Amino acid sequence: MPRPADAQDRALTRTANRLMLGLIIVVSLILLVLWRTENPRLERVRMSMIDTLAPSMSVVNGPIDLAWHVGRDYREFIDVYDQNRALRREIQSLRSWRERARLLEEENAQLRALNNVRLPPRTTFVAGDVIADSGGPFREAVLVNVGRSDQIQDGAAAVDGLGVVGRVVGVGERASRLLLLTDFSSRVPVIVQPGARRAVLSGDGTSLPRLEFLDGGDRVQPGDLIETTGDGGVFPPDLPVGHVVVTQGGSLRASLLADYARLEFVRLLRYEPDTGIDEPGDLVLPEPGALLGPLRGALGVTDSGPDALIGGALLGDLRPGDPGLAGTASN
Amino acid sequence: MTGAAFLDPARIVRTGLMLSLGLLAIYVEAAPLGIGPQAPPSPDLLLCVVVYWTARRPGSTPLLAIFGLGLVRDLLTDVPTGAGALALVLAAWVVRRVRHRLSRSSFVLEWLSLAGAAFATSALLWLLVALTLTQPPYAAALFHQSLYTAMVYPLLVLAFRWGLRITWRAPGREPDGTAGFA
């Protein structure tokens, strides 16, 4: 028979449990609101936690990856003969292309030298391992084991050997979070070649992201190449993204070049956009006190007032005897 | 709960073991075995661990620990932060309420309960995301994830029962659980 003290303990425990549940519900809803508003503190907490757990995740992933690859390699081993023949054919065709590319590269270098062409800013990259993916249907994102210590910046483009994979949406010290092009919230300005038609590539949770706001969409053909525009200075221009496909419903979508099924390594690009001139430059004004004494007196330049500054700036590069100086001094 | 039960070393070890297994489940969920929309979604292994342990050792699965595991998973795998943890805690709460009935019934009922919990947590997540005016995922993807969760549960049960010897206890040997402590 239960003692009264035990019954009292249980009642107390149940009450405490209910209070705890209520508290958890409130905290969860607050966190959900912070997530929705993309609170930067929450992102910092996320990235610091990823930084902490990333090494242990790599350790756990080792055996899992091994087992996964053994299974995949076995399946591929069955088709090894056909694959070998296909690869030999491809190598033969690529050899001829390699020679052609070498000739074109030499010719290109000579032409650049002749024209004194200013080369675009250099893009470097860091390669990283994919150590985790979101796994669920809520977000198409992966974690990579390179971060701020490798000079990776928020917004950096990620590519595999074939095309754009996504962009960095969170940087930790040793890990980064990549948003894939297929995610619902992914938007990338692209250009469709030939014709240089601009569009926005919008992820919608499917493997074929939509081409939206396409300029002259009726003249776009299936198979046309999609590249990044470089607008906004986030992605470098001319990175290959995919090819245009037309669905049965007639909408234009992109078949991505990046191979997500075999995404083990990615390159994160370190890109600095070229310096642009957005507005006419202002005159560089020297300090009024920097003018020479006799010149100050002759020109009536004082230390106070905007006129004095303008006068000083105008006269900074003039010398006594210059034609413009007399007129200015007479003022 | 008495102070002796609170400081019971065996219970603290069990809670630590449950947390370790929960973290391992999160790591396996997040392993990059299939990336992109074409890949099948990972099963909700953390839900399986929490349901199994809550049903058999409620005193070693405090709500606060479950909430912590849920938050780690939310942050690591990009589940809407707070929503996944809340769904997990609510599932544990319900399992705690029905665990006596589950202990007296066959495994099939437990399996169906797990499947129900998987579908219910998915539906709650979808609803919470939709309420925040964010694009929720496709219902079919959530359905598949719940289905995979239900399919993988018997394997975990085998591992826990014969690997770790975590089985049902006789009624009365396990307290009703604690509020945030072991």
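So you know, we letter chains A, B, ... as the sequences are listed, proteins then strands, and number each from 1. In this text the structure is predicted, and so the values were computed from the model without any measurement.
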Interatomic distance, CZ@A:Arg46 vs OG1@B:Thr81, rounded to 0.5 Å, equals 4.5 Å
Contacts with chain A made by residues 123-137 of chain B (heavy-atom distance under 4.5 Å), listed by residue number:
B:Leu125, B:Leu128, B:Val129, B:Thr132, B:Leu133, B:Thr134, B:Gln135, B:Pro136, B:Pro137
So, do B:Pro80 and A:Phe138 sit near enough that their side-chain heavy atoms are less than 4.5 Å apart?
yes
Distance check, rounded to the nearest 0.5 Å: A:Ser28 atom OG versus B:Leu71 atom CG?
7.0 Å
Please classify the contact of A:Leu180 with chain B as side chain, backbone, both or neither, using a heavy-atom distance under 4.5 Å.
side chain
Of the listed A:Leu34, A:Leu53, A:Leu19, the one with the largest count of heavy-atom pairs under 4.5 Å with chain B is A:Leu53
Does any part of the side chain of A:Arg139, heavy atoms only, come nearer than 4.5 Å to the side chain of B:Val79, both counted from C-beta?
no
If you count heavy-atom pairs within less than 4.5 Å of chain B, which of A:Thr15, A:Ile50, A:Ile24 leads?
A:Ile24
Is it the backbone or the side chain of B:Asp74 that comes under 4.5 Å from a heavy atom of chain A, or both, or neither?
backbone
Measuring only between side-chain heavy atoms, which start at C-beta, is B:Trp93 closer than 4.5 Å to A:Arg18?
yes
For chain A, find which of B:Gly82, B:Pro32, B:Ser42 contributes the most heavy-atom pairs closer than 4.5 angstrom.
B:Pro32
For B:Tyr27 and A:Ser56, does a side-chain donor sit closer than 3.5 Å to a side-chain acceptor?
yes
Residues of residues 141-160 of chain B under 4.5 Å from chain A (heavy atom pairs)?
B:Ala141, B:Leu142, B:Gln145
Between B:Ile35, B:Val89, B:Ile26, B:Leu24, the one whose heavy-atom pairs under 4.5 Å with chain A are most numerous
B:Ile35
Segment of B:Ala31 engaging chain A (4.5 angstrom heavy-atom cut-off)
both
